[in-house]
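We use all heavy atoms of the structure for the numbers below, so side chains are in, but hydrogens, waters and symmetry mates are not.
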Amino acid sequence: MDEHESPELTDDEKRLFADLMPEDLNEILDSGVNRRHFLKLITLASGGILAAQSALAEQLITRPVNVTEALDSAPLSLDNPVNVAFKVNGTARKLTVDSRMTLLDTLRERLDLTGSKKGCDHGQCGACTVMVNGQRVLSCLTLAASCEGKTVQTIEGLAQNEKLHPMQEAFLKHDGFQCGFCTPGQICSAVALLTEAKKGHASYVTQNVRQPAGPLILSDEEIRERMSGNICRCGAYPNIVAAIKEVQHGKPVEQIFRSV
């Protein structure tokens, strides 16, 4: 069975859907239970409506759902629909989105990639940072339509073959997070920062901008300046700097806090 294919419904399950969701019955019988049906069933269960049929409801809720259909299909009505095709974490995706839809909302609401967080939604906190063609961008200020033909990498795409990216490992080692809300944006920004340093990009605190561009070894001051667009409300900044420094320098940095 394909990983996205829903199992055949039993007669009891069909009757349950006929009673509770008659408007969706034909679609369910034709294409199986998708994410929208699953969420509606969860809502009914949480409201106590399925109490009399709890065993059958639990059986349905734990079934795999046809996620691909729900994610990639266009919403029923769009005021300004545009087609956009891009790669996300190495996978080609084609979507129809509203021309005003941000990359952040597209990732979270249409592709179910919820690692990128919506913090301020005004481009001021950095929690939504992802990489587009290798460069960090604020996805809450980036239109999805502007990413046509481009490559997008989110926090979900950093680990490879179940092995964490070195930056992820360094954040774990140095406790570079507390509540974790800003962490996906912090890590994506830090990974892109290393690429910028390798290319010799200057920052506001670079002492000699006329010096020929080349790989830079970043000081604590440089790291703080280059990461200043990513806000950590918990105040884990020293740990974040230590994590980035360790990955950039390629040698261990003493941990600021140690577990007892």
Partners meeting side chain to side chain donor-acceptor pair (under 3.5 Å) with [X] (sequence neighbours left out):
X	value
S116	none
K118	D105
Q186	none
D121	none

Sequence neighbours left out, what passes salt bridge (Lys or Arg N to Asp or Glu O under 4.0 Å) with [X]? Give chain and number order.
X	answer
R136	E196
E246	K173
R100	D79, D98
E23	K40

So which heavy atom on [X] is nearest to which on [Y], and how close?
X	Y	result
H174	V253	CE1-O, 3.0 Å
S203	E225	OG-CG, 3.9 Å
E148	A85	OE1-N, 2.9 Å
L158	M131	CD2-CE, 3.8 Å
C140	G123	SG-N, 3.3 Å
P184	K117	CG-NZ, 4.4 Å

* Does H165 use its side chain to pair, donor to acceptor, with the backbone of M167 at less than 3.5 Å? -> yes

* **Any donor-acceptor N/O pair, H122 side chain to C120 backbone, under 3.5 Å** => yes

Please go through [X]'s hydrophobic cluster and name the other residues, only I, L, V, M, F, W, Y counting, with side-chain heavy atoms under 4.5 Å joining them.
X	value
Y237	I231
L104	none
L141	L138

* Can a donor-acceptor pair be found between the side chains of E221 and S219 at a distance below 3.5 Å? -> no

Drop me the distance from [X]'s [atom1] to [Y]'s [atom2], to the nearest 0.5 angstrom.
X	Y	atom1	atom2	result
T106	R93	OG1	CZ	11.5 Å
L107	T102	CG	OG1	8.0 Å
N89	E156	CG	CD	6.5 Å
K198	L193	NZ	CG	13.5 Å
E222	I244	CD	CD1	12.0 Å
I240	N230	CD1	CG	8.0 Å

Report whether [X] and [Y] are members of the same hydrophobic cluster (ILVMFWY, side-chain heavy atoms less than 4.5 Å apart, transitive linking).
X	Y	value
V137	L143	no
I187	V88	no
V241	L216	yes
V130	V191	no
F181	F177	no

* To do: Measure the shortest side-chain to side-chain distance between L218 and K245 over non-hydrogen atoms and say whether it is less than 4.5 angstrom.
  => no

* Show your reasoning for whether side chain to side chain contact (heavy atoms under 4.5 Å, CB included) applies to N239 and Q178. => CA-CA 10 Å; N239 312 62; Q178 290 181 38; 5.9 Å; no

* Not counting sequence neighbours, which residues clear side-chain contact (heavy atoms from CB on, under 4.5 Å) with S99? List them please. => N80, V82

* K94 and N83: CA distance, side-chain angles, deciding distance, side chain to side chain contact (heavy atoms under 4.5 Å, CB included) verdict -> CA-CA 7 Å; K94 293 183 178 180; N83 296 321; over 6 Å; no

* When you look at T206 and R226, which way does the side chain to side chain contact (heavy atoms under 4.5 Å, CB included) test go after all the steps? -> CA-CA 10 Å; T206 301; R226 292 167 187 264; 3.9 Å; yes

* Apply the test side chain to side chain contact (heavy atoms under 4.5 Å, CB included) to residues V132 and L103: give CA-CA distance (whole Å), side-chain angles for both, the deciding distance (0.1 Å), then the verdict. => CA-CA 10 Å; V132 176; L103 176 59; 4.0 Å; yes

